[in-house]
Amino acid sequence: MLRNDLQTLISVALEALIAEGKLPEAVRVVPVEVSDTKSPDHGDFACNFAMVASKKAAMNPRAIGELLASTLATKTSVFAGVEIAGPGFVNLRLQPTYISAYLEGILQAGQAGVAQLPPTGEKVNIEFVSVNPNGPITVGSGRGASFGDALSRVFKSAGIEVHKEYYINDGVNSEQMRLFAESVRHFYRQSLGLESVFPDKGYRGEYVQQVAARLMELEGDSQGDAEASWFQSKSQDLMIERQRNDLGLFGVTFDTWFSEQSLHDSGEVLRCVEELKSKGVADEEPYRTKLKLGKGGVVEEVIKEAQTDQMEEDGDEAEGVTVEDSQASSTNKTLWLRSTKFGDDMDRVIRRKDGRLTYIASDIAYHKDKFNRPAGASKLYTVLGPDHHGYIGRLTAVLAALLRKGPDTDENNQEALNEAKAKLDVVIFQLVRFLKDGKPAPMRKRDGNIYELRDLIEELGAAAAPNSSKEEQKIKGRDVARFFYLMRSHDTAMDFDIDLATKQSDDNPVFYVQYAHARICSVIDKAKEAGIQLGDQVNSSVLVHARELALIKKILDLKTEVERISKDHGVHRLTTYAIELARTYHNFYDVCRVVQPDEPELSKARLALCEAARMALSGTLDLLGISAPRRLDREA
RNA sequence: GCGGCUGUAGCUCAGUGGAUAGAGCGCUUCCCUCCGGAGGAAGAGGCCGUGGGUUCGAAUCCCACCAGCCGUGCCA
């Protein structure tokens, strides 16, 4: 890459200066950074080394800059000029042919290589969406889905092996699932004309009735007297299938759909619980530790409270799972995970007095198991919505408890906690609000219906391509929805402006980017008609125009973006990059005519540049999970 | 009480500790002998919430405060 190559050149120059004794050894630890310049007056790139190293070298920054500049200036094939400016910037003005020569590398690497970094050997598991199997994928989950999927794509592009995972909360005795199943049962019986009472606090949404209708289709009318457990298992499967379809419509797929219940069935949960007991991080002593935390998470007070019967009623453990195993239910004591040893603000219940296990118990087994996908995974990412903020502490504590080695000492516990923090990254995305006619649109309606992701996709698709087929509308809707979700940092609350998203015109940034791609394709076609072909030998050195060079530099930036985003998860910057790349292309197009039959060499080189820009645009859109159409037609 | 997020142009928002803080929309102009005008160029518009600190240098990092959104405690 261009930037890396410049960094290397500077590092080599610095080494030479150190060897000659002109710079002290101490500056070796100062990192070399190459940054963009704001104004073309400052050259192509700038290096701030002189200012940063000034203190270490005990030298005036301009003096360091002079040394560096005069050394670099001898590389006349690379630099057209190296100047000191301002407080000590070394401004690098590159030879146009040095920049344009990079075009050949881009073309050789091809579409697959335009954003691809070499393998790092790192392996990660990323879990996202994971909504309960008692409802559809909502527009709220859409944010997590687009973010998690795009982040996975960026990881892969950054040379990291990725396993995408969806966790199904299908523990058999969850209260929510029971209610959901009874609601389905009610609608099923009702349609048979059987007597039925709608369950208290049951689910009324249209999708519940659709599940009942689908059951009728698949199983006929013979199940009117079937038990709730039958309905639970069947409706759950149908709901998961629907979730999978909706996510597929959105372009999101998973490598594994992992069943919570499978961990109970295999006995893995109980094995893990025993393991924690034998390690001494879980016990049945009748007390709970709570930490009163002050500012910055400092422990102000440790409260050790005796267990009362009332504690058993705590709401946060309400979604328990009954274990049929007699040995588990035979005990009459609460089993505590001493998570306060690992940074949690209170101990958590693993198993209640009556033998029911809480979801913490499954989380323990699940997190242990996750490291197997991909085999030897070194890091787990969990993408959660804004209401799950409280999970960070307890999930980290769960993992730390698993990882703890040696006896129960503060040092060992702290070390385990540090390791857990390094291996588990819980990424919380913030709230998304939908605006329609300038007003917030309700996510959950009074009649029990839910604003579903599939509704959003259809709505956006129909607006973007009113005369197209349903299939094309779905693609359009998906493209617009994903782009809008990803325009803002996952870390900040966003407004999704449906009115703007439904515009098929200038204002809509998705089409601005896709238009640039379509425009390039059109130019390539036109060139072909004029007898100028891609794939011919290209002399890139004829590309010396400022707009041509700016475009090449912008294309090369894609890998820099990928590398950075793989570290800080700022996926939204890809949308900014896509817009900037499109703009840089339009700038080029406006001034540099590609197809010029009387200038065959220049035409070929510019055509090659068009293809490189096309690959970069297409590659960026692919990272976002958005299509790169060859044509874009405005519809009435 | 504790935690998270936000505060940048009239509006919606970008912004890697760096030089004169950017884009889109809106507003005022301009560019089709033309490869797709869903395009391009120019202009007006800013105490970067407030006050301290760190730094050669802060919209960016740290602390305090103000305002807003969201989550979640304790008193049991």
Quick one: which of [options] gets closest to the side chain of [X]?
{"X": "A/Lys38", "options": "B/A23, B/G22, B/G15", "answer": "B/G22"}
{"X": "A/Leu632", "options": "B/G18, B/A38, B/G40", "answer": "B/A38"}
{"X": "A/Lys55", "options": "B/C56, B/A19, B/C74", "answer": "B/C56"}
{"X": "A/Ala46", "options": "B/A19, B/G24, B/C56", "answer": "B/A19"}

Is the NZ or CZ atom of A/Lys553 both under 6.0 Å from the centre of the six-membered ring of A/Phe45 and within 45° of that ring's axis?
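Yes; both conditions hold, so A/Lys553 lies above the ring face of A/Phe45.
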Does NZ or CZ of A/Arg338 come closer than 6.0 Å to the centre of the six-membered ring of A/Tyr287, within 45° of the ring's axis?
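Verdict for A/Tyr287: a cation-pi partner in A/Arg338.
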Would you kindly give the [atom1]-to-[atom2] distance between [X] and [N], to the nearest whole Å?
{"X": "A/Arg593", "N": "B/C32", "atom1": "CZ", "atom2": "P", "result": "15 Å"}
{"X": "A/Met494", "N": "B/G4", "atom1": "CE", "atom2": "P", "result": "23 Å"}
{"X": "A/Gln596", "N": "B/U33", "atom1": "CD", "atom2": "P", "result": "17 Å"}

With a 4.0 Å cut-off on heavy atoms, is [X] in touch with a base, just the backbone sugar-phosphate, or nothing at all?
{"X": "A/Asn91", "value": "base"}
{"X": "A/Val591", "value": "nothing"}
{"X": "A/Asn587", "value": "sugar-phosphate"}
{"X": "A/His572", "value": "sugar-phosphate"}
{"X": "A/Asn48", "value": "base"}

A/His490 pairs by ring pair (Phe, Tyr, Trp, His ring centres under 6.0 Å) with which of A/Tyr485, A/Phe147, A/Phe429?
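When A/Tyr485, A/Phe147, A/Phe429 are each tested with A/His490, the ring pair (Phe, Tyr, Trp, His ring centres under 6.0 Å) holds only for A/Phe147.
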